[in-house]
Amino acid sequence: MITGFIGAGNLARAIVIGLLDKRVLGSDELLCASGTGATAQSLSQETGIGLASSRIDLIKRSQTIVLAFKPQHLDTITSEESAVAQNNLVISVLAGCTLESLQAAFPHARNIVRVMPNTPSRISKGVSAFCFQQPPSDEDRQFVENLLKALGTCYEVQESQMHIVTAVSGCGPAVFFQFIDHIAQAAEKRGLEHDLAATLAIETGLGSLQLMQRSNQAPSQLVDEVVSPNGVTHALLTSLADSDWSGIIDTAIEAAVNRSTELSKT
Ligand SMILES: NC(=O)c1ccc[n+]([C@@H]2O[C@H](COP(=O)([O-])OP(=O)(O)OC[C@H]3O[C@@H](n4cnc5c(N)ncnc54)[C@H](OP(=O)(O)O)[C@@H]3O)[C@@H](O)[C@H]2O)c1
């Protein structure tokens with residue numbers, strides 16, 4: 001059974017390396033093709049997976065197809081390619097491409113899976129959400145979950161929840177990166193060396209998130225453990241509350257959900 005990647009860029013590379021490292025699939029069970037062929041050639045050379053001579057060659061040789069090019073390239077799938085993809089399982093990581101648009105491109109697929117991964121997938125620490133177009137067989141569900149676990153963790157959702165997922169886990173890494181950067185900049189401005197400021201901010205973020213993940217306490221209880229009445233953390237949190245921090249985050253999530261909804265209609 002061959003799994004073929006159309007698109008061999010950052011995300012395809014992360015999935016392929018994860019699949020090989022975790023021994024979910026062997027290099028002889030994987031194929032890739034790309035637009036110019038340049039990224040596919042280098043992925044094939046780096047990992048030992050097969051290189052298809054074209055997209056149609058890849059589709060003919062694969063039972064599962066992973067779409068890992070840019071969303072705008074979905075429109076370049078030809079009728080010949082969709083006809084050859086008869087009875088294939090199609091897995092798409094294309095941001096914002098709905099099951100309806102994927103089905104229009106691959107009307108004869110056995111089943112279609114829409115996935116929303118995020119950038120920590122590059123180090124196998126991603127979180128992906130996925131939804132099937134039709135109720136899957138146990139075998140297909142297991143296969144998809146194993147493939148996505150090569151990127152980190154995965155959770156099944158309703159397609160109607162994908163806009164919220166996009167706002168939370170898709171955009172989320174940018175929020176955390178920017179938040180840590182703001183903290184580091186504030187520390188540097190007040191006299192810490194640049195590298196030390198960045199390291200303290202990053203390691204505090206990492207340690208706090210791991211503590212939250214491992215603890216059975218609610219986030220609010222963990223906050224309470226850091227705060228003492230009228231103390232330093234209290235002053236910091238009061239300043240954030242005065243700026244309506246939770247309201248700012250709520251409005252930002254709303255903006256992302258709205259934009260994702262808008263984009264899915266274009
Ligand atoms: N990176 C992430 O963490 C992340 C997170 C969420 C969703 N995604 C989704 O994942 C997809 C891929 O993202 P990426 O970051 O891996 O992009 P990328 O690194 O830019 O790779 C894009 C790939 O598409 C290939 N390509 C270009 N035109 C093509 C065509 N006409 N037919 C077939 N392949 C073509 C490119 O090949 P050549 O350059 O060799 O032509 C390249 O291999 C995107 O749709 C994105 O929405 C990515």
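All values below come from the heavy atoms of this structure, side chains included, with hydrogens, waters and symmetry mates left out. Remember, it's 1-based here, ligands and their atoms both numbered in the order they're listed.
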Have a look at Phe143 and tell me which of Val24, Leu25, Leu148, Val113 forms a side-chain contact (heavy atoms from CB on, under 4.5 Å) with it.
Leu25

Could you list the donor-acceptor pairs under 3.5 angstrom formed by side chains in residues 159-173, with sequence neighbours left out?
{"from": "Glu159", "atom 1": "OE2", "to": "Leu99", "atom 2": "N", "distance (Å)": "2.8"}
{"from": "Glu159", "atom 1": "OE2", "to": "Arg114", "atom 2": "NH1", "distance (Å)": "2.8"}
{"from": "Gln161", "atom 1": "OE1", "to": "Gln158", "atom 2": "N", "distance (Å)": "2.9"}
{"from": "His163", "atom 1": "ND1", "to": "Ser260", "atom 2": "OG", "distance (Å)": "2.7"}
{"from": "Thr166", "atom 1": "OG1", "to": "Met162", "atom 2": "O", "distance (Å)": "2.6"}
{"from": "Ser169", "atom 1": "OG", "to": "Val165", "atom 2": "O", "distance (Å)": "3.2"}

So the atoms of ligand 1 within less than 4.0 Å of a heavy atom of Thr119 turn out to be 3 (O)

Has ligand 1 got any nitrogen or oxygen that is less than 3.5 angstrom from a nitrogen or oxygen of Ser34?
yes

Going by the closest heavy atom to atom 32 (N) of ligand 1, which one wins out of Arg55, Arg13, His73, Met116?
Arg55

Mind checking whether Phe69 has an N or O less than 3.5 Å away from an N or O of ligand 1?
yes

Could you tell me which atoms of ligand 1, counted from 1 in the order shown, lie closer than 4.0 angstrom to a heavy atom of Gly37?
40 (O)

Select one of side chain, backbone, both or neither to describe which atoms of Pro117 lie under 4.0 Å from any atom of ligand 1, heavy atoms only.
both

Out of Thr36, Leu67, Thr39, who gets a non-hydrogen atom closest to atom 43 (O) of ligand 1?
Thr39

What residue and atom, counting heavy atoms only, is the protein's closest point to atom 29 (C) of ligand 1, and at what distance?
Gly35 CA, 3.5 Å

side-chain contact (heavy atoms from CB on, under 4.5 Å) against Glu145, all qualifying residues, sequence neighbours excluded
Phe130, Arg141, Lys149, Cys154

Are there more than 12 heavy atoms of other residues, nucleotides or ligands under 6.0 Å from atom CD of Gln221?
yes

More than 12 heavy atoms from other groups under 6.0 Å of NE2 on His194:
no

Atom 13 (O) of ligand 1 sits nearest the protein heavy atom Lys70 NZ, 4.1 Å

Contact (N/O only, under 3.5 Å) between Leu11 and ligand 1
yes

For atom 19 (O) of ligand 1, find the nearest protein heavy atom and state the residue, atom name and distance (0.1 Å precision).
Asn10 N, 2.9 Å

Whether over 12 other heavy atoms sit under 6.0 Å from Gln63 CD
yes

What protein heavy atom is closest to atom 9 (C) of ligand 1, reported as residue, atom name and distance in Å?
Val93 O, 3.1 Å

Cluster question for you: counting only ILVMFWY and a side-chain heavy-atom cut-off of under 4.5 Å, with indirect links fine, are Ile77 and Val90 together?
yes

Side chains of Ser82 and Ser79, donor plus acceptor under 3.5 Å:
no

Nearest option to atom 21 (O) of ligand 1, as decided by whichever heavy atom of Gly126, Gly9, Ala95, Gly7 sits closest
Gly9

Does the pair Thr76 and Arg55 meet the rule for a side chain to side chain donor-acceptor pair (under 3.5 Å), with working shown?
CA-CA 11 Å; Thr76 69; Arg55 292 196 322 204; 2.9 Å; yes

Against heavy atoms of Ile6, which atoms of ligand 1 measure under 4.0 Å?
33 (C)

CD (Glu100) with more than 12 external heavy atoms under 6.0 Å
no

Would you mind checking which non-hydrogen protein atom is closest to atom 22 (C) of ligand 1, with the distance to 0.1 Å?
Ala68 O, 4.1 Å

